[in-house]
Amino acid sequence: MSKPTIVTMPGDGIGKTVLPAAIEILDKVGFEANYVHADIGWDFWCKEANPFPDRTIELLREHKIGLFGAITSKPKSEAAKELIPELQGKGHSYYSPIVGMRQLFKLDLCIRPCRSFPGNPLNFIRRGPGGVIEEPEVDVVIFRQNTEGLYAGVEWTNPPDVVRNALSTHPKFKAFADVPGEELAVSTRIFTQGACNRIVGEAFKYAKKFGYKSVTICEKPNVIRETSGMMLQTGRRIQKEYPEIELWNTNIDAQMMWLTKNPEDYGVIVAGNMFGDIVSDGFAGLVGGLGFANSANVGQEVAVFEPTHGSAPKYEQLQPSIVNPIAMVLSAGMMLDHLGETEKAKAIRDVIGQVIAEGKVLTYDMLKIRGGPDALDKGATSTDQMTKAINERL
Ligand code: NAI
Ligand code: MG
């Protein structure tokens with residue numbers, strides 16, 4: 001197989017710190033690739049009025065695999081003020097490059113593994129019978145539909161007449177018939193059968209490949225009958241091809257309530273865009289939070305791997321950096337899985353597991369102290385030291 005070319009997009013803030021750390025580890029594990037840098041983020045908004053320049057789009061189109069750090073987004077008015085003087089007042093309007101990327105390349109699968117590493121002080125613990133403290137092993141992988149549903153952006157305040165008239169054809173819209181337009185906001189929740197087939201189909205494939213015993217459809221079909229119903233029906237149909245994997249069905253609200261009761265029972269979870277966002281943050285919180293939350297955005301052609309966290313501007317200037325590189329490194333591991341380098345991916349996860357189990361190298365978040373210039377004096381390890389600790393054991 002020829003060497004893949006990876007488009008690296010460090011972006012802003014700590015993205016510039018954690019992405020190089022992940023590449024060091026990819027090198028160490030023997031992954032052979034060419035890396036090509038691509039511009040993305042705030043600097044390019046300020047200098048070019050485009051946070052996701054065409055040259056970056058071209059690189060992704062050509063090479064198909066991206067590793068992304070994080071970007072900084074600011075509210076519209078602030079964004080306009082930070083443009084260089086030549087670009088001000090020309091009607092440029094800021095948009096999030098990562099949301100743009102997901103839409104442009106139809107990255108319709110968002111995959112978010114939430115696995116606890118034994119010994120991580122951030123793991124969820126609960127009280128068991130007789131007051132014993134239990135630390136359940138969580139190994140959940142969320143498949144979130146990434147392009148449709150409530151986040152597709154088909155919405156209005158004061159909808160135009162054609163929309164209002166169309167809505168009026170539904171008997172349940174009678175309840176809103178007298179609401180003045182400017183007092184009416186509508187956000188649509190559109191699901192398509194094709195997207196449901198793909199997210200559920202890929203979830204089952206993943207469950208089979210990695211040995212999970214269940215796929216849970218986490219929606220709300222008893223109330224949101226059409227869209228959630230379509231996802232559940234799709235689950236029932238596709239499960240027939242996988243008799244060895246059970247299909248479970250939970251409602252998002254109950255799932256969040258029971259999140260801490262039996263998180264160890266779940267395997268692969270599928271949800272639409274918004275419920276997937278919610279349930280994945282919920283499970284990520286049980287296994288270490290932002291320093292550990294890794295993700296993949298996968299389309300039919302292009303795939304981009306990124307930590308869930310943002311650019312953490314308050315730590316951008318801290319030297320040495322104190323942020324946890326593990327979320328980024330695990331995201332790079334997901335890229336290896338995607339490229340069929342499953343043994344190298346496993347080696348990285350195993351070594352991270354060792355470092356955590358040894359309990360000697362802990363970034364400030366793992367120590368549960370406030371981040372800041374004095375975190376290292378309080379016993380936290382730096383980003384570099386954590387990266388080294390992983391590298392030395394590989
Ligand atoms: P954030 O994820 O940057 O930070 C939230 C909190 O977690 C902060 O206290 C931060 O210091 C901490 N944190 C984040 N990553 C960490 C790591 N690897 N290790 C240790 N601690 C970590 O989110 P926030 O503060 O809401 O947003 C900051 C900027 O990032 C904003 O401009 C926002 O728009 C952007 N953002 C970008 C995302 C992306 O690139 N996909 C996702 C979320 C936010
Ligand atoms: Mg979220």
Side-chain angles (χ1 to χ4, degrees), residues 8-22 25 38-46 51-52 56 66-79 81-82 94-103 107 110-112 117 120-122 144 146 151 273 277 280-281 284-285 287-297 304-318 320-332 334 352 355-356 361-376 378 380-387 390:
T8 56
M9 296 166 279
D12 301 311
I14 64 165
K16 293 181 189 152
T17 312
V18 293
L19 184 52
I25 288 168
D39 296 335
I40 195 164
W42 198 249
D43 287 348
F44 305 96
W45 162 253
C46 297
F52 188 31
T56 298
L67 259 187
F68 172 68
I71 43 105
T72 296
S73 285
K74 297 185 191 178
K76 262 191 183 163
S77 58
E78 250 178 88
K81 277 190 224 142
E82 292 196 28
Y94 180 80
Y95 67 96
S96 158
I98 183 70
V99 175
M101 188 191 299
R102 289 173 189 152
Q103 287 167 350
L107 307 179
C110 178
I111 308 171
R112 295 187 167 183
F117 288 101
N120 185 350
L122 297 174
R144 163 190 171 194
N146 220 12
Y151 293 0
N273 211 336
D277 201 4
S280 62
D281 275 13
V287 300
L290 286 176
F292 292 83
N294 54 118
S295 78
N297 303 280
V304 176
F305 302 84
E306 57 158 336
T308 306
H309 63 72
S311 60
K314 58 180 176 183
Y315 302 135
E316 176 174 4
Q317 306 294 345
L318 262 192
S321 172
I322 59 162
V323 296
N324 191 346
I326 289 178
M328 180 80 236
V329 175
L330 290 171
S331 306
M334 293 187 79
I352 290 175
V355 171
I356 293 172
V361 184
L362 301 117
T363 46
Y364 84 91
D365 52 324
M366 298 168 75
L367 277 181
K368 304 187 200 185
I369 58 174
R370 281 173 81 89
D374 55 348
L376 301 183
K378 292 183 181 154
T381 52
S382 67
T383 311
D384 270 352
Q385 287 167 323
M386 175 58 88
T387 309
I390 296 168

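Start at 1 and go down the list; that is how both ligands and their atoms are numbered.
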Engineer: Give a yes/no verdict on whether any heavy atom in F68 is under 4.0 Å from an atom of ligand 1.
Structural biologist: yes
Engineer: Aromatic rings F117 and F292: how do their planes relate, parallel, tilted or perpendicular, breaks at 30° and 60°?
Structural biologist: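 Taking F292 first and then F117, their aromatic rings sit tilted (interplane angle of 30° to 60°).
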Engineer: Can you sort out which atoms of ligand 1 are near N324, meaning under 4.0 Å from one of its heavy atoms?
Structural biologist: 17 (C), 18 (N), 19 (N), 20 (C)
Engineer: Measure from atom 11 (O) of ligand 1 to the protein's non-hydrogen atoms and state whether any distance is below 4.0 Å.
Structural biologist: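 When distances to the protein are checked, atom 11 (O) of ligand 1 has a heavy atom within 4.0 Å.
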Engineer: Can you sort out which atoms of ligand 1 are near Y315, meaning under 4.0 Å from one of its heavy atoms?
Structural biologist: 11 (O)
Engineer: With a 4.5 Å cut-off on side-chain heavy atoms, are P320 and L376 touching?
Structural biologist: yes
Engineer: What is the closest protein heavy atom to atom 39 (C) of ligand 1, and at what distance does it sit?
Structural biologist: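 Result: H309 O, 3.9 Å.
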Engineer: Find all atoms of ligand 1 within a distance of less than 4.0 Å from any non-hydrogen atom belonging to T72, and give their numbers and elements.
Structural biologist: 32 (O)
Engineer: If I apply the N/O under 3.5 Å rule, does A312 come out as touching ligand 1?
Structural biologist: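 Such a contact does occur with ligand 1.
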Engineer: What atoms of ligand 1 come closer than 4.0 angstrom to any heavy atom of E306?
Structural biologist: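 In order of number, 41 (N).
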Engineer: I'd like to check which ligand 1 atoms, numbered from 1 as shown, lie under 4.0 Å from a non-hydrogen atom of Y364.
Structural biologist: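 Within the 4.0 Å cut-off of Y364, ligand 1 contributes 11 (O), 12 (C), 20 (C), 21 (N), 22 (C).
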Engineer: Any idea which atoms of ligand 1 are less than 4.0 Å away from a heavy-atom of S311?
Structural biologist: 3 (O), 29 (C), 30 (O)
Engineer: For ligand 1, note which part of M328 has a heavy atom under 4.0 Å away: side chain, backbone, both or neither.
Structural biologist: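 Neither part.
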Engineer: Name the closest protein heavy atom to atom 8 (C) of ligand 1, giving the residue it belongs to and the distance to 0.1 Å.
Structural biologist: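 Result: K314 CE, 4.0 Å.
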Engineer: Is it the case that the side chains of D384 and S382 hold a donor-acceptor pair, with the cut-off being a distance below 3.5 Å and no angle test?
Structural biologist: no
Engineer: Taking the side chain as everything from C-beta on, heavy atoms only, tell me whether L362 gets closer than 4.5 Å to K368.
Structural biologist: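 When only atoms from C-beta onward are counted, K368 and L362 do not touch, as no gap falls below 4.5 Å.
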Engineer: Quick one: does M9's side chain get under 4.5 Å of V304's, heavy atoms only?
Structural biologist: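 Sidechains of V304 and M9: in contact.
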Engineer: Using a 4.5 Å cut-off on heavy atoms from C-beta on, say whether the side chain of N294 contacts that of P307.
Structural biologist: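 In short, these two side chains do not touch, never coming nearer than 4.5 Å.
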Engineer: Is K74 near ligand 1, meaning one of its heavy atoms is under 4.0 Å from it?
Structural biologist: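 The answer is no: ligand 1 sits nowhere under 4.0 Å from a heavy atom of K74.
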Engineer: Applying ring pair (Phe, Tyr, Trp, His ring centres under 6.0 Å), can you list everything that pairs with F305, at least two apart in sequence or on another chain?
Structural biologist: H338
Engineer: Answer with yes or no whether P313 contacts ligand 1, where contact means a heavy atom under 4.0 Å from a ligand atom.
Structural biologist: yes
Engineer: Out of G310, G41, P325, who gets a non-hydrogen atom closest to atom 23 (O) of ligand 1?
Structural biologist: G310
Engineer: Answer yes or no for G371: is there a heavy-atom contact with ligand 1 below 4.0 Å?
Structural biologist: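 Contact check G371 vs ligand 1: negative.
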Engineer: Between M366 and V361, is any pair of side-chain heavy atoms under 4.5 Å apart?
Structural biologist: no
Engineer: T308 near ligand 1, heavy-atom distance under 4.0 Å?
Structural biologist: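 Contact check T308 vs ligand 1: positive.
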Engineer: Please write down residue, atom name and distance for the protein heavy atom closest to atom 33 (C) of ligand 1.
Structural biologist: S73 N, 4.0 Å
Engineer: Starting from atom 4 (O) of ligand 1, what is the nearest protein heavy atom, named by residue and atom, and what distance separates them?
Structural biologist: L290 CD1, 4.2 Å
Engineer: If we ignore hydrogens and angles and just use 3.5 Å, is the side chain of T8 paired with the main-chain N or O of L67 as donor and acceptor?
Structural biologist: no
Engineer: Only heavy atoms count here, so choose which of I14, I322, I71 is nearest to atom 16 (C) of ligand 1.
Structural biologist: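 The residue whose heavy atom sits nearest atom 16 (C) of ligand 1 is I14.
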Engineer: For I98 and R102, run side chain to side chain contact (heavy atoms under 4.5 Å, CB included): C-alpha distance rounded to whole Å, both residues' side-chain angles, the deciding distance at 0.1 Å, then the answer.
Structural biologist: CA-CA 6 Å; I98 183 70; R102 289 173 189 152; 3.8 Å; yes
Engineer: With heavy-atom distances below 4.5 Å as the criterion, would you say the side chains of R144 and Y151 are in contact?
Structural biologist: yes
Engineer: So does G371 get a backbone contact from the side chain of K314, meaning a donor-acceptor N/O pair under 3.5 Å?
Structural biologist: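 Not confirmed, K314 side chain does not pair with G371 backbone.
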Engineer: Show me which atoms of ligand 1 lie under 4.0 Å from any heavy atom of A70.
Structural biologist: 40 (O)
Engineer: Contact between N120 and V287 at the side-chain level, heavy atoms closer than 4.5 Å - yes or no?
Structural biologist: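 No, side chains not in contact.
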Engineer: Looking at atom 25 (O) of ligand 1, would you say a protein heavy atom lies below 4.0 Å from it?
Structural biologist: no
